[in-house]
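Here is how names work: the chains are called A, B, and so on, in the same order as the sequence lines, proteins then strands, and each is numbered from 1.
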Amino acid sequence: MFRIITVAAAAGALTLGSLACAAPALAATTDGSPTPTAHSSLSEIQQAGAAATSKRITSLNTGIGKVNSTKTLSSADKATVLGTLNADLAGMKTLQAKIAADTTATTAWTDYRSIFSDYRVYAVGLKQSYIAAAADGLTGTAIPKLQAAAIKISTYFAAHPDKVTPELQAKLADMQAKTADAVSKTSGLAAAALAVTPAAYNANHAVLTDDRAAARDALADAKAAAQDGRAIRAALK
Amino acid sequence: MIGRGAARLVVPVATLALLVALTGCGKSGAHPGTGSLGSSGAGSASTSTPPTDSATDSAADSATLDGITQDLDSADTANTEAGSNAAAGDQAGATGDEP
């Protein structure tokens, strides 16, 4: 049975139209209880394999649907993400059928392990897709809009020097600096995240950690820049 | 013979041509009394007045401020979506993916 985690918090965090709706918010933290081992019976492994593949197929179908409808991802990154997720989906369906048809525990155990080590649907496929979507959302919309707003504010300041206080000037400088930081942190981020493979994850489970941190930091910068812009705008009545 | 007959016609034809030229009636679309230039008549003068500098500046300022607001609105929306996706990435990564 799956353990339900933080339902309300996760639901509140999701935004319509983003890929977030594809998040496995109700996902289990394990794939079956008890988790089979190399010494489990064929039926136990088959049962766990059916559950693990079914859960991933559901998550992948949801994710693919969101990717198809999102405007956040660039067209190139969308094609890459869909290629990965559809390949994972096909792989899960193949493994689901194969494990169900396996006649020995040894073969079933090998196939069961393949669900994880060969695909890493959650740890790589979906996670890298979300990181890329976040990065593309920043580089494609948020950052250009912040840059445009800063230019307009500068133009207004130049036309009305009497309204420019040192505090407003400092906020504009901070807005521009934070936006520049966001640009730096998102540069090449989506491509880097999407380049991670299950094999790379198998070799280093922290392979997406830096990309995830960069997305978080860039988002924090973009939010801070937007706050600066709001404060300036409020002062320019 | 031909030359004497033609000579009799020269004076009346030349007179008629002079009249046509002076009155302008020989021009296409021309009307006696109005000439060929026509007139736009009354009301052709513009009645609008140019906007003052202050009014123009005010409109430009308003447009700039509106533009700032719109840009910030768009940035906030994109930031919210990016935040949701980043959170979803965290959740996916936290999901068990080990045999």
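- With a 4.5 angstrom heavy-atom cutoff, B:D73 touches chain A via backbone and side-chain atoms both.
- Listed by chain and number, the residues in a side-chain contact (heavy atoms from CB on, under 4.5 Å) with A:D111 are A:L95, A:K98, A:I99, A:D102, A:T107 (sequence neighbours excluded).
- Expressed to the nearest 0.5 Å, how far CE of A:M175 lies from OG of A:S154 amounts to 9.0 Å.
- With chain A as the partner, the residue from B:T64, B:D76, B:T69, B:L72 showing the most heavy-atom pairs under 4.5 Å is B:L72.
- Counting heavy-atom pairs closer than 4.5 Å to chain B, the top-ranked of the candidates A:K223, A:R216, A:Q147, A:R233 is A:R233.
- Interface residue A:A123: backbone and side-chain heavy atoms are both found under 4.5 Å from chain B.
- Sequence neighbours left out, the pairs with a member in residues 204-237 of chain A that pass ring-ring contact (aromatic ring centres under 6.0 Å, His included) are A:Y201-A:H205.
- Classified by interplanar angle (parallel below 30°, tilted 30° to 60°, perpendicular above 60°), the ring pair A:Y156/A:H160 is tilted.
- Side-chain atoms of A:D88 do not come within 3.5 Å of backbone N or O of A:V121 as any donor-acceptor pair.
- Proximity to chain B involves both the backbone and the side chain of A:R230, based on heavy atoms less than 4.5 angstrom apart.
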